[in-house]
Amino acid sequence: MIAAPAIQTSSLSKYYGRTSAVQNLDLVVEANRITGFLGRNGAGKSTTIKMLLGLIRPTGGDGTILGRQITNPELNRQARAHIAYVAEDKPLYRYLTVAQTVRFAAAFYRDWRCDVAGKLLREYELPLNRRVKALSKGMRTKLALLLALARKPELLILDEPTEGLDPVMIEHLMQTIVARAAEGTAVFFSSHQIAEVERVADQVCILDRGCLVLDRSLDSLRESFRRVDMVFPVDVVEREFQLPGVERIRANRRQMSVLTSANAEGVIERARAFNAVSLEVAPVGLRDVFLAMVNGLESAIGKEN
Amino acid sequence: MLCYRAWVETRWRFLICLTVMLLPSVLYFHELGIFPMQHWTSDPHYAYGLLFGTHLPSIGIWTFAAVFLGLGGLLRERAVGTSTLTLTLPVSRAHVVGTRVGVGASETVALALAPWIVNSSISLFERTPFSRAQAGWCVLLLVGGGLVYFACAVLVSSVVEGEYTAAALMFALVYGIGYLADHVSGFSALNLYPLMSGTRYLDRNTNLFPGPMPWLGILASSSASALMLLAAVTITRRRDF
């Protein structure tokens, strides 16, 4: 039996006046997988997450989270009982102590695991009687993560979870994310740290200016994306290489660089037809794909030229 | 747990207001010491007058406290960055607002009761006359007539963003309405002081409330409070955070 998607949206949109934050987003986040959610600042990642959790109302479209309609407040509330969420700014009540914060969170969730909470408190070396306002930024991030990781939710949503953490904690968190996915938790996390996403994610979604520009499994992305660098004896126009599977083209007189998500062979064939004097095909990493998707191909290959 | 959080969030405000609310009772205790015991037994109504005298200054203090305790809520949380944490808990927004209102209203009622509990204890200790009915009426008039200030603060906090903007606006509103009621004809109905103090219903000879009491005024004020609180819940439910 195929598990229902943890998150599914259909034409989900959010407009602030005439400005669009998210446009016609059709997103599917599968259960039992780690899905990386990438995008530049202001791309609409946090807005999407807030719509999923019922914090803001979509202007158009709808969606489900753990099978419950996101725009229905009661169903969304029911879904939130099975979702652990760490927000980008790691919000915590400043006037509570660490112990009070942990007790507060534990009271709301049936999936709270006291043993895990105790273990994480020791590992993170959080001072129980210190008020949140007296904690360092790193400590606050650890506490916010603890509130999510001490549970066994069906869906774990992390918005920039590694911000403010030291490398040891980042490593610990990455291992925890993988372990949680292995236990059956769907993980949906946004990050600017592409290397982290590339390391743990099964699926990658890239959002740019509110639109979903990529939704692929990381394996298929690695297999299918290629960069083809070509040099020609005469100037060649971009139009000639606008073939199926070509995502971005950057042309500079006789030089051309093409990023393909499929059909690299077609591009090579076309290059040969134009008597390319140099032809180089290379696999690309997630970083290159991300930069190409959100900022045009020049950013992805700018360093090399 | 939401109740506990609301209490922790407001407890310092409450304790400060409680301290100030008890000041008239301290004066009452001081007054008792001035006159000999014979004075009280020969004229108990003087004692009732003195007790009623503690009620009048507490109106202004209680009004300030009701506004102070009504401020806050999810918009202020958004300003300080914690609304995301609250709203992603598996509870409805109505529950969040309702809990805050419940704790705040309980605190305001406790503030109205506290001076009379202290006055009653002092009277018991000093063996001076004390009317429970008079105390009950004073509390009822204060809360029934004045809870509208608390409800208004909750509503303003649900509409106006910013950490201190709602507080500034609310206090400006209280003074503005007070000024209009006192100085502009046609606005006198907005003056809640006669209702909350009960001075119009007091027998000047006995310093007790003989009745009838202003049930209509209390009902109108309570209805306005309920409408404002309902509006606050509705606005919060529809708002983006």
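Below, read A as the first sequence line, B as the second, and so on, with proteins coming before strands; counting in each chain starts at 1. In what follows, every heavy atom counts, from backbone to side chain, and hydrogens, waters and symmetry copies are set aside.
Using a cut-off of 4.0 Å between Lys/Arg side-chain N and Asp/Glu carboxylate O, D240(B) and K14(A) are scored as salt-bridged.
The closest side-chain heavy-atom distance from C152(B) to V174(B) is not below 4.5 Å. You'll find the side chain of P58(A) reaches within 4.5 Å of the side chain of L12(A), heavy atoms only. Using a 4.5 Å heavy-atom cutoff, the side chains of I34(A) and Q203(A) are not in contact.
Interface remark: R93(B) contributes side-chain atoms only to the contact with chain A (heavy atom separation under 4.5 Å). Neither the backbone nor the side chain of V80(B) comes within less than 4.5 Å of any heavy atom in chain A. Contact of R11(B) with chain A is made through the side chain alone, with heavy-atom distances under 4.5 Å. The parts of Y95(A) that come within reach of chain B are both its backbone and its side chain, each placing non-hydrogen atoms under 4.5 angstrom from that chain. Only the side chain of L96(A) comes within contact range of chain B, with heavy atoms under 4.5 Å apart. Using a 4.5 Å cut-off between heavy atoms, Q100(A) contacts chain B through its side chain alone, with no backbone atom that close.
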- Query: Could you walk me through whether T97(A) and N129(A) pass the side chain to side chain donor-acceptor pair (under 3.5 Å) check?
  - Reply: CA-CA 6 Å; T97(A) 63; N129(A) 295 319; 5.5 Å; no
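With Y93(A) as the aromatic partner, R5(B) meets the cation-pi criteria of under 6.0 angstrom to the ring centre and within 45 degrees of the ring axis.
Highest contact tally toward chain B, considering only P73(A), P91(A), A81(A), G54(A), is held by P91(A) [criterion: heavy-atom pairs under 4.5 Å].
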